[in-house]
Amino acid sequence: MMPADGLDQIAGHDAILLGAVGWPGVPDHVSLWGLLIPIRRGFRQYVNLRPIRVMDGLPGPLRDSSGVDFVVVRENVEGEYSEIGGRINRGFPDEMAVQEAVFTRVGVTRVVDYALDLAAERRGLLTSATKSNGIVHTMPFWDEIVRERAEARDGIEWGQEHIDALVAKLVLRPADFDVIVASNLFGDILSDLAAAIAGSIGIAPAANLNPERDFPSMFEPVHGSAPDIAGRGIANPLGSMWAAAMMLDHLGEPSAARALMTAIEDTLATGTIRTPDLGGEATTDQFADAVIAAIPAVLT
Ligand SMILES: NC(=O)c1ccc[n+]([C@@H]2O[C@H](COP(=O)([O-])OP(=O)(O)OC[C@H]3O[C@@H](n4cnc5c(N)ncnc54)[C@H](O)[C@@H]3O)[C@@H](O)[C@H]2O)c1
């Protein structure tokens, strides 16, 4: 999936813009553990940021999706996606598999602090995704740290929701949420659900951040390589464009980021051009050209 010195080759860059990777026949865990996870972990990108916004002119699946604008802050390097565990007695009736979840005080604290900072810049609301009624060791630990950190802040309204109730509320009242902080597994699931709420998985972006900037951060669309439509020139480029806007922001170019986002929003708001996943007939190139054409208008 990657040359042995792959991380060294990109370590000196300012940022990484990643296209989706994958192909039928290559098991998901091979592409994930051979490329994405080594980059996230090797570069200590412990925050996975997934903004969700329903833009004007997008046909979302919900009856009322006005005002939907929230961010999922997913813990990105530990939690349920750990390498600790194993399988024994393969092929025998007593075959078994064990997978350990790893939650550290340092790991939980830093992602919760990041989410609190973000909430302070936004509407000041933080929701923590938990399941401490069923998962009796790691999740109460997560809850304790969230409480400690949140109570130490002024001006943040915070609460916690069990993940099962939270997914239901996200569908029923998505506009109520501002910043949601979640463990690796819960955040992964929440952000795909959230992308669907926004209309299509083809729209959603993600940033994998090393907030200390000791290593490059990585920006990517949430979607995979969409093999079912490969080669037809109809993939929605919006997720990649939005990821590029997040990258520009991170690189200290907020006005360029805003220009790109405004061009995307203006293009969608015309209601005349969109890719087939959003009910339109435009090709990837046609939609991208329309956004590019809208950029100069935004800048002047
Ligand atoms: N970050 C990544 O690189 C990443 C993420 C997820 C999956 N994958 C890989 O991608 C491959 C396919 O996975 P999958 O089918 O589960 O998920 P997928 O996201 O590729 O596709 C799911 C559905 O969404 C549609 N879709 C996805 N992106 C789209 C876009 N830009 N425009 C329009 N429609 C879009 C697809 O056509 C498909 O119907 C697998 O090999 C998987 O390992 C890679």
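Reckoned from all heavy atoms, side chains included, excluding hydrogens, waters and symmetry mates. One-based numbering, in listed order, for ligands and for the atoms of each.
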Is any NZ, NE, NH1 or NH2 atom of the basic residue among [X] and [Y] found under 4.0 Å from an Asp or Glu carboxylate oxygen of the other?
| X | Y | result |
| --- | --- | --- |
| D164 | K131 | yes |
| R53 | E265 | yes |
| D117 | R153 | yes |
| D113 | R110 | no |
| R41 | E83 | yes |
| K169 | D176 | no |

Exercise for the section: Kindly assign one of parallel, tilted or perpendicular to the pair F103 and W142, based on the angle between their ring planes and the thresholds 30° and 60°. Expected result: perpendicular
Which protein heavy atom lies closest to [atom], and at what distance to 0.1 Å?
| atom | answer |
| --- | --- |
| atom 40 (C) of ligand 1 | D28 OD1, 3.6 Å |
| atom 15 (O) of ligand 1 | P227 CD, 4.4 Å |
| atom 21 (O) of ligand 1 | A226 CA, 4.2 Å |
| atom 19 (O) of ligand 1 | G224 N, 2.7 Å |
| atom 22 (C) of ligand 1 | I201 CG2, 4.8 Å |
| atom 11 (C) of ligand 1 | S225 OG, 3.3 Å |
| atom 9 (C) of ligand 1 | V21 O, 3.2 Å |

Handout entry: Within-cutoff protein neighbour (heavy atom, under 4.0 Å) for atom 6 (C) of ligand 1
Key = yes
Practice task
Kindly indicate whether atom 13 (O) of ligand 1 is approached by any protein heavy atom to under 4.0 angstrom.
Solution key: no
Exercise for the section: Each residue besides I88 in its hydrophobic cluster should be listed here, by chain and number; the cluster joins Ile, Leu, Val, Met, Phe, Trp and Tyr at side-chain heavy-atom distances under 4.5 Å. Expected result: M96, V98
Fill in the blank from the handout: Excluding V222, membership of its hydrophobic cluster (Ile, Leu, Val, Met, Phe, Trp, Tyr; side-chain heavy atoms within less than 4.5 Å) reads I201
State the atoms of ligand 1, each with its element, that fall below the 4.0 Å cut-off from a heavy-atom position in [X].
| X | answer |
| --- | --- |
| S31 | 43 (O) |
| D228 | 36 (C), 37 (O), 38 (C), 39 (O) |
| I229 | 33 (C), 34 (N), 37 (O) |
| G22 | 9 (C), 41 (O) |
| E220 | 1 (N) |

Handout entry: N210 and S217 side chains, donor-acceptor separation under 3.5 Å
Key = no
Practice task
Tell me yes or no: between the side chains of E78 and N184, is some donor less than 3.5 Å from an acceptor?
Solution key: no
Practice task
Please confirm whether G239 comes under 4.0 Å of ligand 1, counting heavy atoms of the residue only.
Solution key: no
Per-residue contact class, [X] against ligand 1 - non-hydrogen pairs under 4.0 Å:
| X | value |
| --- | --- |
| N236 | both |
| P276 | neither |
| L36 | side chain |

